[in-house]
Amino acid sequence: MIKAEQKPIDEILKYLNPYNKILLSGCGACVTVCHAGGEKEVELLASGLRMARQKIGKKIEVLEVTPARQCEPEFALELSETIEKVEAVLSISCGVGVQTLVRHFPKIPIFPGVNTSFLGETITHGVWEERCQACGNCILEKTGGICPISRCAKQLLNGPCGGSSKGKCEIKKEADCAWQLIYDRLKTLNQLYKLEEIIPAKRWGVESRDSGLRRIVREDLKV
Amino acid sequence: MSSFDPKIIAFCCDQSGYPAADMAGTLKLKLPRNIEIVRVPCAGRIETIYLLKALEKGADGVLVFACYEENCQFLRGNLRAKARLAYAHRMLEGIGLEKERVEICHLATNSGVKFVETLRRKSEQLKKMGPNPAKES
Amino acid sequence: MKAGSNLEKVLEKRLFAVTGELGPPKGNDVSVIKRKAELLKGYVDAVNVTDNQTAIVRMSSIATSSLLIQLGLEPVMQMTTRDRNRIAIQSDIFGATALGIKNMLCLTGDHHTFGNQVDAKNVHDLDSIQLIDCVRTMRDQGRLLGGEEKIEGEINIFIGAAANPFADPFEFRVIRLGKKVAAGVNFIQTQCIYDMNRFKEWMRMVRDRGLHEKCHILGGVTPLKSGGMARYMAKNVSGIIIPDEIIDRVVKAKKPAEEGIKICVEQIQELREIEGVHGVHIMAIEWEQMVSKITEMAGLLPRPKIE
Amino acid sequence: MAEKVDLSSGGEVLIIGGGISGITVALELARSGIPSTLIEREPSLGGLSASFCCKASESCNKCFACVVDKRISEIYQRQDISILTQTEVIGVKGNREKHQVSLKKGKEKIDLKVSAIVIAAGINPFDASQKVEYGYGRFKNVITAKDLDEMLRHRGTISRPSDGKLPKTVAFFQCVGSRDESIGNLYCSQVCCAYALRLIKAVRYQTPEVKATFLYMDIQPAGASFQEFLASCREDKGIRLIRSLPSKVYHSPLSDTLRVRFTDPERGEVVEDSFDLIVLSVGMVLSKEAKRLTELFRLSLTEDGFIASPPTQTGVFVTGACSGPKDIDRSILHAKSAAFLVQQHLSGRF
Amino acid sequence: MPQIGIFIDALQGSIPASFREKISDYVKKLPGIAFCIEEENLASSEALNRMGKRLEAGGLDGVVIMGGSPKLYEASFQKLRHPLPFNPYLFAVANIREQALWMMVEEEAALERAKTIISKTIRAVSNSKPIETQSLPLKPEVLILGGGVTGISIAQELAKSGLHIFLLEKGNHLGGKALELHKFYNRPLEVQKWMDEKISEVKNNPQITLFTHTELKRLDGHLGRFQAKIQGPDRTETVLSVSAIVVATGYAAKRETKGIYSHKRVTVFPEMEKLLSETKGPSLLWDGKKVEMVTYFLDGVNEDIKVDSINAVKQALLLQEAFQCQVAILCKDMKVAADGMERLYRKAREKGVLFFKYEEPPKLSIVNGQIQVDVRDTAAIQKKEQWPVSILSDLVVVGEAFVPAPETESLSGLLKIHLGNRGFLMEDNPQLLRVRSNRRGIFVAGACRFPQEVSESLIEARAAAQEVMALLSKGTYIYDLAVAEVDPKKCAVCYTCPRLCPHSAITVEKYGERNVYIISGTSQETKWGAAKVDPASCYGCGICVAECPAKAITLRHLTDEQIYAQMGLME
């Protein structure tokens, strides 16, 4: 799931300063699951914004809405009448949601409310850790299902580097060294031979973001 | 002293806060004016939005009366209330409101005296802090 | 012969090679290079030129190396995959070889958050092993990485890489060295050695796999200036293990600096007896003046002149 | 207005004593569908433990006082328990099957036919004036732990009875009236150590300038997290735990403090120290009312002077502190097990 | 406009007449008030009957009682329930006595406060919905985990009361740790014989189905329909459907074996107990030699558990009287907080047992084959230099550390019940009243909660039996639907509520209808989808409602609007 964290409210207030009537839109999918942009957070942020502006005598009217998923055109278009009534939109869905609204409503300023962090896994309730960089060409079968591109600080394909000690990464002492995990994993599956072949340089330019804007087209699904 | 009577919303957990309020009544202990007592089954029921909406809609201070730790009828209601208060404090700090406007006080069924004293102390403190600048006028 | 560099000749003749290390200046003050070059001239077979070590911005390794050539020293140009993608790397190799640089060390490099440009975007397009393979392809097949057309000119380079026997998982370190050998490395300079037993154990595993014949291994040593430096390196620099006895010797010594040199010399003598170690790499960071003393005390002088 | 006593929901069981034990038996039977009649001599339910204050400091110290309050308010909500306060048993006849009990409520007499009787008459705190050398009753600033408890419950803070000021140093004497040959109470009242330490923690949490000294023989544990509780008491600089019982208390008129003589184990000799307030942890003795009931029901006393529980077939059950010293926690537990026995006894009969 | 009936309760005059007039004038002027009746004492049965008849007339959407604390009236609501079709959740109480009249200094302030309380209560009751009661059939079948002394006595007690018991024992024999005991400290009874009778009675009691070598593998369902999958010795799995569960898995003992503790002259209580019961002769032999001096080293590990002190004094008396040994007991504090222990402690001192109360732990050393124990007694008055005393003992008995049984942690995960301090079951929370767990229908008894003396565990066993009987005796569990409810359409299946529900009453299932997914390759069904609250297990605390990020859960008897109404701020 996409994981995100709310921006500090004083930062949001800075760029919302010129507007007196906004639409605050959450999203019912990923940011709800990670407690960053669900209906509960919409209410809280709305109340916080109203109080902050009330305090400096510049009242703001905040309309609240939480569509089921903000990255679908239909859900975005559902907001069109409300958006006509407001001067700006603050979306606390992930970066995708914000830009979906921008595409459908070019004439109105739309602001993000959260910092979209990573595609992550839940370690325990309230703790999430990065797992995937969406590099477009998964190599998990080579490393026993543990991704060095997203979990190794130097994205090594033939790790570990000289700084891995006692299973921890030298850059973040509390983080596990991805390659130690890969080594242990392949050892238990007794597939260590996989680490002996050199993994060739990754073709970044073809599948990853380095190849420019990526688009998936499924002819079979196109209407 | 200004005649300003701070409006305090007191969320009282039905297991400790509310019976303590009743006990304070039976002991004829006098409370400051302008205090609203809200009865909830557990402090864990108090959503963070209640704390913020209270301040937004006109309260000058919010007090949450929860059970002592390891004495909660529902085992972790008080801990959840504390965590939500921390979230509210972060939000208040972000918008420049004093953290002391929202506070939690742990007590038990038979802490009538502590209930009244906390409310009196809070009322005095809010008198010094002045009315809530962020409330809807 | 791969590149005909002095270092390669010394190693091919089974003589005990000695390499030094020189950190370029944090600017373009050439006099710094001259001063350090003077201190190393005649005492080492080749001089490693670091590439923005610990991600701190310094003069580029190519520029410093070519300056050393003019000063009559043979450089070992270090190159990290942290800062350059494969286009920049291959074009730098063209330039370096054109300027007469014959030795190269392929490193992944320290993470940029350790240096003074923490906000930088690191590259890591290749890793050290893929870099070795790329350089070998350019030299032996005259082709760029993944490209078909021939390179105009000859790329003669003596390829080196680093190895750290003191990092974890220990039993995998030798396998990774094997991968570097398979990728085409010609010589290896190890991380600075203090835990001699672990290094000997590592060398035994290297010999078991016959890797010591496929590439020349030089043991890395760094003389300790003071007890404080010893404790700092032991605690903060991961991948370096300094046993307590060595730290105590330096801390308790009346003159820690001299004790550090004595330890370094003992280590060099011990390295000479280990089968498969073909030389020593003296990393006297900001203490280049000691290299002459160390090489003299360890009986490594005079350095061979080979036509 | 003598309201007609509503016995319709009286049912088969009579419970004598409205303390925490009696209430728990009544509640448990009601939950199992067995109506009962609960009689209590005092005008209100709760007995001794209803007057306790909350002894929490940073977190709950497991004194169970609030549980008593909850059970009392819960019992008023049940409609299948008839509660008769200011009522006493004056006579009992009958055998195993049916007991004929006559009660007196004010001027009214009530006769009940029940098949099971539960005695939960509870205890009285030991009369501290019997320990003459401690000067309870003679010196104003010598109070019992119960007095301190009520003071905290009603006034919220500790203060010296003589001048109402905050006492800087307080001494807690343990085993007053228990484990004491001279009085003849050869038993440990089991609750006073934990009770006194919780009072100390509560007072020190509220007013940290009060320094406490705890004079004891052996600290008796209570409850599952007592080890952490005791460790926190030992770490607290303001609490001195001294293993020796004081021998004498004098009043020094000049400084209005009390001088206490006891042996200090570290220095290995007898010392005297002065305190602003002395709290006596009084033990438990069988209440006078309970003694009367034992004769009435022809029950026997145990070696320690508490009511021995008769064989269960007689339909008479004894639970709570009157059958042996217990804290609230174990009283509730014993009351539940007594309720189970009553239920088995009744189902045996139906 | 909802029609609200008002009853003003004078509470036997504690609310003065003048105050009541002002209140009733104020109320009569409010919109939507059907009637306003004053009662002298509303809690009395006559007043209740009058109120009942008045409500039977119908035409009311809610009732507000103005008087004292709601807690006083909840009883009368219940009495009203049977004769009258008026839903108790449409009652609301304006607490104008305790929280208005008695709390304000001047009467005028009290009146004004009472008015706000009244208007808030009327608004709260006008948007409250009736809540119906439900009944859940409960089969008289109980699962008991653990065949120790606690487990088998619960089984006996409940069997006698007519329930059917499934008794699960992980090991191959019943009896557990109690089999290590031979004598009670306060009853002249042979423990082994007493235990054998109990075990045989349990074995051939038709009401009790005994499973040995069997472990609980998985538990689904809630109160009344727990599905317990158990695995027998030959790995056969059966599923038991039971109404309630009692956990009595006992504790484990960890013996210190490092250093001197591994010496052959250092032993533990169970071995000493066995030795004392088997030796008949006047003298005690240990490793072939006559034992003259025995030292007990207590409170090294379980400082706050009374069992070691009790067993030490009991064994010391036996050693002194029957085997003419000299016994010394070293402890931090002698635990006498058990019935009759003080008399036993005095009798031991009279018989010559030496007691030392140490502060720093005593040092043990081997001196020509015997164990020398150096201890400094804090209770003694002599000067410092006379200590420590060194006791040359033939035998040193050390207390074992009482730790949770090995499978306690996995069991707490299976049963979704909490672990307390030191890894024992259930946190030490007074509200649990010792035997209740955090889930309805699951109880915890005996040493698995806290290691204690056998007689205490028996009382706890019977208390747990009482809790089970209170639940199952009526055959059905009647409860109000005043619980949380998940709106599956809004649920983002983010698993927040099952994790945070303190009573594990929420599970995740596929919307309304059961979308059954077959896991590829197996025939095992799995349900996945929106979270679902089991109404019978929900305590109505509302924690999940406040935690849900999608605001998909509502508390039926206390919705957001009712809370906002009580806050008195909303427009």
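Letters go in sequence order (proteins before strands), and every chain restarts at 1. Nothing here was measured: the structure is a model prediction, and the numbers come from that model.
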Checklist entry - Is it the backbone or the side chain of D:Ser244 that comes under 4.5 Å from a heavy atom of chain E, or both, or neither? => result neither

Item to check | Top of D:Ile328, D:Asp329, D:Val191 for chain E proximity - count of heavy-atom pairs under 4.5 angstrom | outcome: D:Asp329

Checklist entry - Where does E:Glu467 contact chain D at under 4.5 Å (heavy atoms): side chain, backbone, both or neither? => result both

Checklist entry - What closest approach, in Å, do D:Met217 and E:Asp333 show between heavy atoms, and which atom pair accounts for it? => result O-OD1, 4.3 Å

Next on the checklist: Less than 4.5 Å to any heavy atom of chain E: does that hold for the side chain of D:Ile332, its backbone, both, or neither?
Outcome noted: side chain

Next on the checklist: If I measure from the heavy atoms of chain D, does E:Asn421 come under 4.5 Å with its side chain, its backbone, both, or neither?
Outcome noted: side chain

Item to check | Check: E:Phe355 main-chain N/O paired with E:Lys357 side-chain donor or acceptor under 3.5 Å | outcome: no

Item to check | Geometric cation-pi criterion D:Arg198 and D:Tyr195, 6.0 Å radius, 45° cone | outcome: no

Next on the checklist: Counting only non-hydrogen atoms closer than 4.5 Å, does E:Tyr345 touch chain D with its backbone (N, CA, C, O), its side chain (CB onward), both, or neither?
Outcome noted: side chain

Checklist entry - E:Lys306, E:Met469, E:Met341: which one forms the most heavy-atom pairs within less than 4.5 Å of chain D? => result E:Met469

Checklist entry - Checking heavy atoms, do the side chain of E:Ala461, its backbone, both or neither come under 4.5 Å from chain D? => result neither

Next on the checklist: Go through it in stages, so that I can follow the logic: the residues are D:Leu346 and D:Val342, the test is side-chain contact (heavy atoms from CB on, under 4.5 Å), and I'd like the CA-CA distance, side-chain angles, deciding distance and then a yes or no.
Outcome noted: CA-CA 6 Å; D:Leu346 293 182; D:Val342 167; 4.0 Å; yes

Checklist entry - Sub-3.5 Å donor-acceptor pair from the side chain of E:Arg449 to the main-chain atoms of E:Arg434, do we have one? => result yes

Checklist entry - Do the two ring centres, one from E:Tyr358 and one from E:Phe356, sit under 6.0 Å apart? => result no

Checklist entry - For D:Leu230, is it the side chain, the backbone, both or neither that has a heavy atom under 4.5 Å from a heavy atom of chain E? => result side chain

Next on the checklist: Using only atom types and a distance under 3.5 Å, with no angle test, would you say the side chain of E:Arg376 pairs donor to acceptor with the backbone of E:Glu359?
Outcome noted: no

Checklist outcome for this item: E:Val301 and E:Gly399 have their tightest heavy-atom pair at CG2-O, 3.4 Å

Checklist entry - What part of D:Lys70 gets closer than 4.5 Å to chain E, counting heavy atoms only: side chain, backbone, both or neither? => result side chain

Checklist entry - Heavy-atom distance under 4.5 Å to chain E: side chain of D:Cys193, backbone, both or neither? => result neither

Item to check | Under 4.5 Å from any heavy atom of chain E - which part of D:Glu303 | outcome: both

Next on the checklist: So for E:Lys474, is it side chain, backbone, both, or neither that comes closer than 4.5 Å to the heavy atoms of chain D?
Outcome noted: side chain

Checklist outcome for this item: Applying a strict 4.5 Å limit to non-hydrogen atoms, the region of D:Phe306 in contact with chain E is neither

Checklist entry - At a heavy-atom separation under 4.5 Å, does E:Glu427 approach chain D through its side chain, its backbone, both, or neither? => result neither

Item to check | Side-chain touch D:Gln190/D:Met284, heavy atoms, less than 4.5 angstrom | outcome: no

Next on the checklist: Once you measure the plane-to-plane angle for E:Tyr479 and E:Tyr477, does it fall in the parallel (<30°), tilted (30-60°) or perpendicular (>60°) bin?
Outcome noted: parallel

Checklist entry - Tell me, side chain or backbone of D:Glu74 under 4.5 Å from chain E's heavy atoms, or both, or neither? => result neither

